[in-house]
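Beneath this line is the structure, given in structure tokens, with notes to follow.
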Amino acid sequence: MADEASPKTRSATARVAKSVNDRAQVILKEDFGKAKGVAYEALRSRAYLWSRNGADKLANRQGIFYFLSHRSLWKPFTSKLGQLITVSAGVIGGMFAFTYLPQLAVLVFTSGPFAVVSTVILVLNESSTIINLLSRSWILQDAILDTFDGTLISRNATNMVREGREVKSGSDPIARLGKTLKSPFTKFSPTALIRYVMYLPLNFIPVFGTAAFMYLQARNRGTNVHGRWEQYFQLKKWTAAQKREWLENHTGAYTAFGLVATLLEMIPVANIFFTYTNTVGAALWAADIEELNTSMTDKTAPSLREAAKKTQ
């Protein structure tokens, strides 16, 4: 029986390996095919900035200022602070204790004098990814959701929130949040995991490789940060194809936002604070896109413009 099972096991393993390999090749072709255009779009359009009252503002930075100046948004943050500090300290401490020296030993041969800096950045990036995965799937899911929706309510974007959850009466934006009606966030997908592992070897290239690794991860990070707003495409009654077209047309915006978010969330201890401020910044960005008809909405996909004309 054992002899008969062995070939079956090997066959199943081979199929899984082939599936992962095929998906990796698709990801590689897609990412590098778009990389140049995405980088140019992110810099040219300055899509990580939005215009409000005639002044361009960095979304991530505005999230920091807005969060600090609105105490009503602090409750989700303070309620999880103890757990987050414990998880962050454990992950970062464990990663440096068990992975720093082995990775440094490898990078010494490829990065030379830059090995120490490259290894520190790599370990912090890995720690940030693990912390995000654990916290968003376990500790922070409800808190981040409340922070995003509470920010929208504080910006008088209550109708957007009502499409995804119940909203009560009152003055405190967090206290007004009721039962969730629609799935809030995009889950960490197998494709994202494959993409992360596949590009880790880029860190063997001194300086440039680490920068390229972070850049290639930034688009997915930006989309996740803005994930709650994606659910509000249902408010527009857009199809999956229309939503996908929108995201593809604004890859530069999500990449730039995600890159800044990643850099901020790599800072030990402070990453806890920046997780919330990035969420606030994403919500402010979403509210302004809806309210002020910014350059992102001016570039709405042709198919959507056609649909708009038909309704006039």
Item to complete: Side-chain contact test, heavy atoms from C-beta onward, threshold under 4.5 Å: evaluate it for I272 versus F77 and give yes or no.
Response: yes
Problem - Check: T262 and N125 side chains under 4.5 Å, non-hydrogen atoms - result: yes
So, taking the atom named [atom1] in [X] and the one named [atom2] in [Y], what distance separates them when rounded to the nearest 0.5 Å?
X: L101; Y: T119; atom1: CG; atom2: OG1; value: 9.5 Å
X: T158; Y: D149; atom1: OG1; atom2: CG; value: 10.5 Å
X: I174; Y: I153; atom1: CD1; atom2: CD1; value: 7.5 Å
X: T277; Y: F65; atom1: OG1; atom2: CZ; value: 10.5 Å
X: T275; Y: I139; atom1: OG1; atom2: CD1; value: 11.0 Å
X: I121; Y: S128; atom1: CD1; atom2: OG; value: 13.0 Å

Any chance you could lay out the side-chain contact (heavy atoms from CB on, under 4.5 Å) test for M95 and L124, step after step, and finish with the verdict?
-> CA-CA 8 Å; M95 289 296 290; L124 288 175; over 6 Å; no
| request: Applying side-chain contact (heavy atoms from CB on, under 4.5 Å), run through L177 and E166 and close with a yes or a no. | output: CA-CA 6 Å; L177 298 173; E166 296 174 353; over 6 Å; no
Across all chains, not counting sequence neighbours, the side-chain contact (heavy atoms from CB on, under 4.5 Å) partners of A97 are none
Sorted by chain and residue number, the side-chain contact (heavy atoms from CB on, under 4.5 Å) partners of V106 (sequence neighbours excluded) come out as F204
Residue set satisfying side chain to side chain donor-acceptor pair (under 3.5 Å) with T110, at least two apart, ordered chain then number -> none
Residue set satisfying side chain to side chain donor-acceptor pair (under 3.5 Å) with Q103, at least two apart, ordered chain then number -> T99, E126
field: Exceeds 12 heavy-atom contacts within 6.0 angstrom, atom CZ of F273
entry: yes
Ring pair (Phe, Tyr, Trp, His ring centres under 6.0 Å) partners of [X], counting only residues at least two apart:
X: Y66; value: H70
X: F274; value: none
X: F96; value: Y100

side-chain contact (heavy atoms from CB on, under 4.5 Å) between V280 and I64, intermediate numbers included: CA-CA 8 Å; V280 172; I64 297 172; over 6 Å; no
Heavy-atom donor-acceptor pair, R176 side chain to K168 backbone, under 3.5 Å: yes
Open item on the list: Taking T151's backbone N and O only, do any of them form a donor-acceptor pair with S154's side chain (distance below 3.5 Å, no angle check)?
Closed with: yes
[X] to [Y] - nearest heavy-atom pair and separation:
X: L73; Y: P173; value: CD2-CG, 4.4 Å
X: A286; Y: F148; value: CB-CZ, 4.3 Å
X: Y276; Y: P76; value: OH-O, 2.9 Å
X: S127; Y: V91; value: O-CG1, 3.8 Å

So the side chain to side chain donor-acceptor pair (under 3.5 Å) pairs with at least one residue in residues 72-96 (sequence neighbours excluded) are none
Lys/Arg N to Asp/Glu carboxylate O, D146 vs R165, below 4.0 Å: yes
Worked verdict on S135 versus L84 for side-chain contact (heavy atoms from CB on, under 4.5 Å): CA-CA 7 Å; S135 62; L84 280 172; 4.0 Å; yes
